[in-house]
Q: 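Can you read through this structure? Questions will come right after.
Chain identifiers are assigned alphabetically (A, B, ...) following the order of the sequence lines, protein sequences preceding nucleic acid strands; residue numbering begins at 1 within each chain.
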Number of protein chains: 2
Amino acid sequence: MSPLSSGLLGDLDPTSDRAVFRQIADQLREAIDRGRFREGEKLPSEADLVEHYGVSRMTVRNSFSILQGEGLVHAEHGKGVFVRPRPPVRRLASDRFARRHREQGKSAFIVEADTVGSHPQVDSLEVKEEKASQDISTRLGSVRRVLARRRRYLLDGRPVEFATSYLPLDIARGTQIAEPNPGPGGIYARLEELGHRLDHFEEEIRARMPSPAEVKTLRLASGVPVIHLIRTAFDTEGRAVEVCDTVMAADAYVLSYQLPAT
Amino acid sequence: MSPLSSGLLGDLDPTSDRAVFRQIADQLREAIDRGRFREGEKLPSEADLVEHYGVSRMTVRNSFSILQGEGLVHAEHGKGVFVRPRPPVRRLASDRFARRHREQGKSAFIVEADTVGSHPQVDSLEVKEEKASQDISTRLGSVRRVLARRRRYLLDGRPVEFATSYLPLDIARGTQIAEPNPGPGGIYARLEELGHRLDHFEEEIRARMPSPAEVKTLRLASGVPVIHLIRTAFDTEGRAVEVCDTVMAADAYVLSYQLPAT
DNA sequence: CTTGCCCACTCGTCTATACGAGTATGCCTG
DNA sequence: CAGGCATACTCGTATAGACGAGTGGGCAAG
């Protein structure tokens with residue numbers, strides 16, 4: 001069926017030294033880029049393309065695997081290969097941790113999601129004391145053990161972010177920060193109540209392909225990188241009072257910063 | 001040869017419902033993570049693994065292709081498959097465009113590279129007037145045509161970044177900004193001389209897999225995402241005077257921002 | 001000793017085939 | 001009509017084989 005209406009895809013160039021499966025991938029990519037296949041639309045089946053191009057099935061599958069690696073398409077077993085829809089992105093402003101935003105009570109994630117009409121969830125909460133990794137210890141100023149607060153964020157049921165906050169035990173132990181629910185304004189509000197007035201944050205941003213564990217936790221499609229953000233919060237005495245390690249699905253976020261030119 | 005000293009890799013679990021090629025990928029990944037194979041080291045050849053696991057070659061190749069997609073290994077035709085070395089990263093501070101840095105004369109890229117002892121190059125310079133894309137036009141405040149300054153940055157011979165600056169013609173035309181070499185302090189220094197005192201920057205950050213063109217320009221290995229940064233410069237009158245669109249090899253950069261907590 | 005060729009080893013590409021498993025549809029049965 | 005099953009279509013996994021092409025070492029000829 002679906003005899004692959006001619007015109008959508010061209011022919012192969014046997015004289016080209018570009019591999020056949022790359023040529024096929026090129027044609028599909030171009031067709032997608034030009035909007036010949038729309039978001040969420042089904043591409044021709046493997047069998048269709050086998051027939052159209054007169055190649056073997058493995059060759060077609062190789063083409064698909066290229067496009068999957070580029071994050072352009074995704075395959076669904078028993079259904080077909082589809083143009084991957086670009087989910088709406090969440091824009092994170094750099095002032096989201098400004099003090100004035102903490103006064104509202106709700107967490108930044110919840111507030112932001114509500115304002116754009118999405119349904120936010122927080123999930124797999126875990127609060128425990130543990131040994132600090134080398135990296136965390138360095139960032140917090142040579143602490144051995146820390147309080148770790150782990151949680152996963154979902155938007156409309158889709159996991160988009162997994163974050164762990166690390167705090168020195170001498171600050172957090174026995175306070176509400178060590179409770180699953182840190183109360184209105186989150187842990188930053190509690191830190192300030194404890195006398196650690198926040199001065200500034202440092203954020204480090206990397207992008208890379210996810211580990212298998214991250215693929216699982218964030219239910220990532222293939223070809224979707226992660227943004228790895230490490231934020232350190234400093235109080236007015238220059239002490240690092242929290243390190244927050246966040247892994248985000250890169251197709252769900254745009255980070256936004258505002259910098260002075262002085 | 002190289003009978004694949006037993007112990008490095010385990011056996012398959014035929015009762016597992018995890019696909020064989022995934023199990024092989026898992027074992028290789030774990031061996032790499034544990035340092036059994038070091039950076040740059042050669043993995044067992046396809047033939048070795050075919051023999052070791054008693055599977056067909058395509059199955060082994062599937063395993064390798066998973067690891068390639070994760071950016072863990074890279075194949076070299078005629079030589080073997082190697083653990084991908086992590087190149088040293090360039091750390092970009094958020095104050096790199098501060099006015100005091102402009103006074104030195106040299107561009108931020110050159111200065112930063114020199115301080116870490118790397119050999120910087122700038123390349124494929126192109127300066128021309130062109131039609132503004134929809135996005136650029138919006139960001140610059142509905143301009144139709146712009147001056148575009150394109151250039152590629154290399155570090156020790158490796159391309160790491162490709163950037164295009166867009167400026168409104170009414171500002172840039174006929175000035176030194178329209179020259180290939182914009183002079184000491186770069187275009188920001190020229191903008192200020194022209195009366196556009198810079199007030200602040202906005203930066204938007206995304207991460208995604210590269211397009212084929214980007215793979216080529218940045219000579220990206222498979223499994224390496226790009227960081228896409230769009231910076232808009234505003235003068236003290238609130239006008240957007242430049243938009244800089246930058247695509248960076250994600251394995252070459254860590255972005256760093258400092259934010260006030262107020 | 002040097003040059004050049006051959007060969008072994010490596011990954012790259014492609015074919016052909018087989019079976020398994022998830023999905024959707026429609027028909028058949030109760 | 002409702003439920004369940006058969007079937008066709010989809011992608012997933014795996015095998016076996018073939019040829020091509022890049023690399024590097026060793027051997028042979030000059």
Q: Nearest-Å distance, CD (A:E46) to P (C:dG22)?
A: 16 Å
Q: Can you tell me if A:S56 touches the phosphate of C:dC14, counting only side-chain N or O atoms and a distance under 4.0 Å to OP1 or OP2?
A: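 No, outside the criterion.
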Q: Would you mind telling me which of C:dT10, C:dT13, D:dC11 lies closest to the side-chain atoms of A:S45?
A: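 The answer is D:dC11, which lies nearest to the side chain.
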Q: Could you state the CG-C1' distance from A:L49 to C:dC14, rounded to the nearest angstrom?
A: 16 Å
Q: Tell me every residue that passes side chain to side chain donor-acceptor pair (under 3.5 Å) with B:T246, counting only those two or more places apart in sequence or in another chain.
A: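 Per chain and number, B:T246 pairs via side chain to side chain donor-acceptor pair (under 3.5 Å) with no residue.
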Q: Please report the distance, rounded to the nearest Å, between CZ in A:F21 and P in C:dG12.
A: 9 Å
Q: How would you list, by chain and number, every residue that makes a side chain to side chain donor-acceptor pair (under 3.5 Å) with B:Y257, sequence neighbours excluded?
A: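 By the side chain to side chain donor-acceptor pair (under 3.5 Å) rule, B:Y257 matches B:E203.
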Q: Could you state the CZ-P distance from B:R57 to D:dG20, rounded to the nearest angstrom?
A: 14 Å
Q: Restricting to side chain to side chain donor-acceptor pair (under 3.5 Å), what partner residues turn up for B:E46, sequence neighbours left out?
A: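 Residues passing side chain to side chain donor-acceptor pair (under 3.5 Å) with B:E46: B:R57, B:R61.
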Q: Taking salt bridge (Lys or Arg N to Asp or Glu O under 4.0 Å) as the definition, give me every residue that meets it alongside B:D11, ordered by chain and number, with sequence neighbours left out.
A: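 Not a single residue meets the salt bridge (Lys or Arg N to Asp or Glu O under 4.0 Å) criterion with B:D11.
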Q: Go through residues 58-68 of chain B and report each residue with a non-hydrogen atom lying under 4.0 Å from DNA chain D, sorted by number.
A: B:M58, B:T59
Q: Do A:L229 and A:L255 make a side-chain contact, defined as non-hydrogen atoms from C-beta onward lying under 4.5 Å apart?
A: yes
Q: With respect to the side chain of B:A19, which nucleotide from C:dG12, D:dT10, D:dA14 is positioned closest?
A: D:dA14
Q: Nearest whole Å is fine: how far is C:dT23 P from A:K42 NZ?
A: 15 Å
Q: Partners of A:E130 by side-chain contact (heavy atoms from CB on, under 4.5 Å), sequence neighbours excluded?
A: A:K128, A:V146, A:A148, A:R150, A:Y166
Q: When the distance from CG of B:D17 to C1' of D:dA14 is rounded to whole Å, what number comes out?
A: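 Atom CG in B:D17 sits about 16 Å away from atom C1' in D:dA14.
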Q: Residues in side-chain contact (heavy atoms from CB on, under 4.5 Å) with A:A207, at least two apart?
A: B:A207, B:I227, B:A250
Q: Find the distance B:F82:CZ to C:dC11:C1' and express it as a whole number of Å.
A: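 Going from B:F82 (CZ) to C:dC11 (C1'), I get 10 Å.
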Q: For residues 216-226 of chain B, which residue pairs qualify under side-chain hydrogen bond (donor to acceptor under 3.5 Å, both in side chains), counting only residues two or more places apart or in two chains?
A: B:Q68-B:S222
Q: Is any side-chain N or O of B:R22 closer than 4.0 Å to OP1 or OP2 of D:dT13?
A: yes
Q: Is it the case that the side chains of B:H119 and B:D114 hold a donor-acceptor pair, with the cut-off being a distance below 3.5 Å and no angle test?
A: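 No, no side-chain donor-acceptor contact under 3.5 Å.
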Q: When you measure from the side chain of B:V55, which nucleotide among D:dT15, D:dA14, D:dT10 comes out closest?
A: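 From the listed options, D:dT15 comes nearest.
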Q: List in numerical order all residues of residues 73-80 of chain B for which some heavy atom is under 4.0 Å away from an atom belonging to DNA chain C.
A: B:A75, B:E76, B:H77, B:G78, B:K79, B:G80
